[in-house]
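In this text, all values refer to a predicted model and were calculated from it rather than measured experimentally.
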Amino acid sequence: MFLIREIMYCKPGQVRPMVEKFTAMSKLGEKVGMPRMRVMTDFCAEQYWTVVAEMEVTDLGTFEKMMSSPPGSEQDMKKFEEIMKGYHDLVDHGRREIHKIE
């Protein structure tokens, strides 16, 4: 089992819109069979305005397949695009961490 963690360092005042995007994406993702995402904001972190979204996958092949050809219909993919439209305007930079759950 692996934990995939998407860490976004938002621009000041842009945390809430990013949380709303990740929350909406998680709901749509669950509908099409993707793992549930847990969305967190910093209480005390390395940097202010941090948003973390994480999910668990059974193996990295599953994650790679999910990223290269996400599950769901063409209409679902359009909804994903609509949800994430403009997210670059909210984020200064980000990174992905992948951890093996022991």
Side-chain angles (χ1 to χ4, degrees):
M1 187 73 76
F2 289 86
L3 176 72
I4 312 296
R5 187 173 284 156
E6 306 289 349
I7 302 168
M8 301 291 175
Y9 300 104
C10 296
K11 295 175 182 174
Q14 300 305 315
V15 168
R16 185 57 37 204
M18 192 71 219
V19 166
E20 290 168 0
K21 286 184 179 297
F22 273 134
T23 303
M25 192 167 63
S26 179
K27 287 178 185 175
L28 180 57
E30 281 185 84
K31 179 184 160 225
V32 299
M34 294 173 70
R36 182 175 184 271
M37 270 199 296
R38 184 170 37 209
V39 180
M40 300 166 281
T41 58
D42 68 282
F43 183 76
C44 178
E46 175 183 332
Q47 189 171 328
Y48 290 117
W49 308 300
T50 301
V51 177
V52 178
E54 62 182 28
M55 70 174 84
E56 293 181 13
V57 295
T58 54
D59 57 69
L60 293 179
T62 300
F63 178 69
E64 185 177 16
K65 182 179 178 188
M66 191 172 55
M67 291 292 106
S68 63
S69 63
S73 68
E74 190 175 317
Q75 185 180 4
D76 292 326
M77 293 307 102
K78 286 182 181 181
K79 287 180 186 175
F80 274 120
E81 288 176 15
E82 186 179 308
I83 289 168
M84 293 310 288
K85 183 179 181 182
Y87 90 93
H88 287 114
D89 297 333
L90 308 176
V91 175
D92 181 52
H93 65 285
R95 70 178 200 269
R96 175 179 292 145
E97 296 177 352
I98 300 176
H99 301 273
K100 183 177 180 188
I101 299 173
E102 299 290 346

Connected via hydrophobic side-chain network under 4.5 Å: [X] and [Y]:
X: F63; Y: M77; result: yes
X: M66; Y: I101; result: no
X: I7; Y: L90; result: no
X: M25; Y: L3; result: no
X: V19; Y: M84; result: yes

>> Before you tell me yes or no, could you show the steps for K11 and W49 under side-chain contact (heavy atoms from CB on, under 4.5 Å), namely the whole-Å CA-CA distance, both residues' side-chain angles and the distance that decides it to 0.1 Å?
In response: CA-CA 7 Å; K11 295 175 182 174; W49 308 300; over 6 Å; no
Minimal non-hydrogen separation, [X] against [Y], with atom names:
X: F2; Y: D59; answer: CD1-CA, 3.9 Å
X: D76; Y: L28; answer: O-CD2, 3.6 Å
X: M55; Y: P35; answer: SD-CG, 3.9 Å
X: Q47; Y: T50; answer: O-OG1, 2.6 Å

Rounded distance (nearest 0.5 Å) linking atom [atom1] of [X] with atom [atom2] of [Y]:
X: T62; Y: M1; atom1: OG1; atom2: CE; result: 9.5 Å
X: E54; Y: R38; atom1: CD; atom2: CZ; result: 4.0 Å
X: I4; Y: M37; atom1: CD1; atom2: CE; result: 12.0 Å
X: K31; Y: S26; atom1: NZ; atom2: OG; result: 13.5 Å
X: M40; Y: F22; atom1: CE; atom2: CZ; result: 10.5 Å
X: K78; Y: E82; atom1: NZ; atom2: CD; result: 11.0 Å

>> Walk me through whether K21 and M8 qualify under side-chain contact (heavy atoms from CB on, under 4.5 Å).
In response: CA-CA 12 Å; K21 286 184 179 297; M8 301 291 175; over 6 Å; no
Just wondering, more than 12 heavy atoms not from [X] lying within 6.0 Å of its [atom1]?
X: E64; atom1: CD; answer: no
X: E97; atom1: CD; answer: yes
X: H88; atom1: NE2; answer: no

> Do F80 and M34 pass the side-chain contact (heavy atoms from CB on, under 4.5 Å) test, and can you show the C-alpha distance, the side-chain angles, and the key distance before you say yes or no?
Replying inline: CA-CA 12 Å; F80 274 120; M34 294 173 70; 3.8 Å; yes
